[in-house]
Amino acid sequence: MAVRGCGVAHRSRRRKSARLLFFGLSAALLVVIGCSQEQAPPPLPSNPPAAVAAPAPAPTPVATAVPTAGIPSNETFIAVAKAARASVVNISAVRKGDGGEQFSNPFFDDPFFRRFFGEEFERRFRIPRERREQGLGSGVIVSPDGYIVTNNHVVEKADEIKVLLADKRSFKAKLVGTDPKTDIAVIKIDATDLPTLPWGDSSQLQVGELVLAIGNPFGLNQTVTMGIISAVGRANVGIVDYEDFIQTDAAINPGNSGGALVNLKGELIGINTAIFSRTGGYMGIGFAIPSNMAKSVMNSLIKHGKVVRGWIGVSIQELNQDLAKQFGVSDTKGALVADVMEDSPASKAKLERGDVILQYNGTPINDPAHLRALVAETAPGTQVTIKVLRDKQEKDIKVTIGELPKDLAKASRGSSEGAKGEHALAGVTVEPVPSGSGRSKSGVLVTDVEPDSPAERAGLRSGDIIREINRKPVKNVQDFERLTSQLAPNSPVLLLLSRGNATIFLSISPG
């Protein structure tokens, strides 16, 4: 099984297979996925011969009629698709790299010539050979003056970005900013009076709602598919750090990344980003970044050149049945406060360890990932109301949101070398050791270990504190990032860990 991003890249060197793969496809590569089908029975003639007696009409079943009022007409779909297609663009990202060396003269292939002039002469005339990778994806025009929202993995590390509009005009685009933690990127073209899609409110989406997905699957421009919203608030999928996905069964395929998910009002409610697949193709489960998150990230990238995220300063965990019973919660929804950081917004607002956060500014909390995404989307300085359950009594607490400190940025799959699976600590996610936890602040706390990764197989666990990497001290997240970036792909790593009250060494071999 794999969760695959739906942007595309054709590369001369194939990356290792991973649980989370983002698609790329060359403009010259056309993939056709066929499905075997049973042969349909031949159609009945529209006018049966007169000699054949027509069967007696079946009795009308007694049932409640399905109401037809409010069901969208064919014209509704056509109008929405037409408007949305005009605002969805094709994005071509070109990446240049060193593809090795080649000889500048064909005579070097002649054994007599090479023997006569020698190997040293041959080496002097070697020239670098440039390797070009071209990826295809989609984007959505969100302003008449040329701002376009797409996926980070569509334009990541691109040396040149080209945009093809629905009217066949082509532009070179400049990169405004990217956010790997949500897989959102913003680019801009030099154009005016462009067709745009209005933003919809993704917080109001309902399961079962009809939606259209528009993009460029397999390089086939302006493709429209239809489906329903299968689920909302999907988190812990393992694609990016901040997840609150819309799940849909509208067909999404390689090349759809960055395309539009629209409702029947013609509003942009999501940015298509990934599919769940065992085969690499569409299998009925696609994921889109909700419009509220995409819009918030876009505005921050345009205004600040980076994403400014909200922060309250709590360590939270999921509720299971046993914890819910202990804390007097009727179900497992919500987020349990495991720790409150000193001098944080939560500390100033008197949030306490053991509080169960039930609502955030009126929005019921499903799980810690949901709360984390809502806080991150809130502008620093905003005052919000958090409803908590404390000692089995509900309580409203006013919290003024702060800005996420830089030293709390996680070294995770989206932002470290571990994302590429190139060293023994690939797939390990860490964060600072919480203050007030009774532990030394030196080191980093392991919060997640990717299943079946080298670290997981060696026995590294969530909750371990990494003190040293290869006998070098790890004092904070920055040390962890620096040391892991220096690790060789095929070299074992020696860790010094604190686990509970014990200090142990752990050796991790890659592969």
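In this text, all values refer to a predicted model and were calculated from it rather than measured experimentally.
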What's the shortest heavy-atom distance between [X] and [Y], and which atoms?
X	Y	answer
Ala173	Ile189	CB-CG2, 3.7 Å
Ala231	Val207	CA-CG2, 3.9 Å
Ala294	Ile271	CB-CG1, 4.0 Å
Gln204	Glu209	O-OE1, 4.4 Å
Val80	Gly266	CG1-CA, 4.0 Å
Ala158	Ile161	CB-CG1, 3.9 Å

Heavy-atom check, side chain of [X] versus side chain of [Y], under 4.5 Å:
X	Y	result
Thr196	Val142	no
Val375	Leu404	no
Thr378	Tyr360	yes
Val428	Val446	yes
Asp249	Ile285	no
Asp179	Arg309	yes
Leu494	Pro492	no
Leu483	Asn470	no

Mark yes when over 12 heavy atoms from residues, nucleotides or ligands other than [X] sit less than 6.0 Å from its [atom1]; otherwise mark no.
X	atom1	result
Arg482	CZ	yes
Lys162	NZ	no
Asp167	CG	yes

Distance check, rounded to the nearest 0.5 Å: [X] atom [atom1] versus [Y] atom [atom2]?
X	Y	atom1	atom2	answer
Ile141	Leu194	CD1	CG	5.0 Å
Thr429	Asp448	OG1	CG	4.5 Å
Asn272	Ile214	CG	CD1	8.0 Å
Leu261	Leu212	CG	CG	8.0 Å
Asn263	Ile269	CG	CD1	5.0 Å
Lys306	Leu301	NZ	CG	11.0 Å

Met293 vs Asp244, side chain to side chain contact (heavy atoms under 4.5 Å, CB included): CA-CA, chis, key distance, verdict
CA-CA 8 Å; Met293 178 183 289; Asp244 187 22; 4.0 Å; yes

Under 3.5 Å, is there a donor-acceptor pair between the side chain of [X] and the main chain of [Y]?
X	Y	value
Asn256	Ile252	no
Arg457	Asp452	yes
Ser138	Asn216	yes
Thr273	Ala288	no
Ser300	Val308	yes
Ser202	Pro290	no
Thr400	Gly381	no
Lys188	Asp145	yes

Dump the intermediate steps for side chain to side chain contact (heavy atoms under 4.5 Å, CB included) on Arg85 and Val224, then the final yes or no.
CA-CA 8 Å; Arg85 288 174 62 203; Val224 181; 3.6 Å; yes

What's the verdict on side chain to side chain contact (heavy atoms under 4.5 Å, CB included) for Arg467 and Ser498, showing C-alpha distance, side-chain angles and the deciding distance?
CA-CA 7 Å; Arg467 304 288 191 193; Ser498 291; 2.9 Å; yes

Would you say the side chains of Thr363 and Asn361 form a donor-acceptor pair under 3.5 Å?
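Result is no, nothing qualifies.
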
Asn151/Ile289 under side chain to side chain contact (heavy atoms under 4.5 Å, CB included): CA gap, chis, key distance, verdict:
CA-CA 9 Å; Asn151 284 141; Ile289 301 165; 3.8 Å; yes

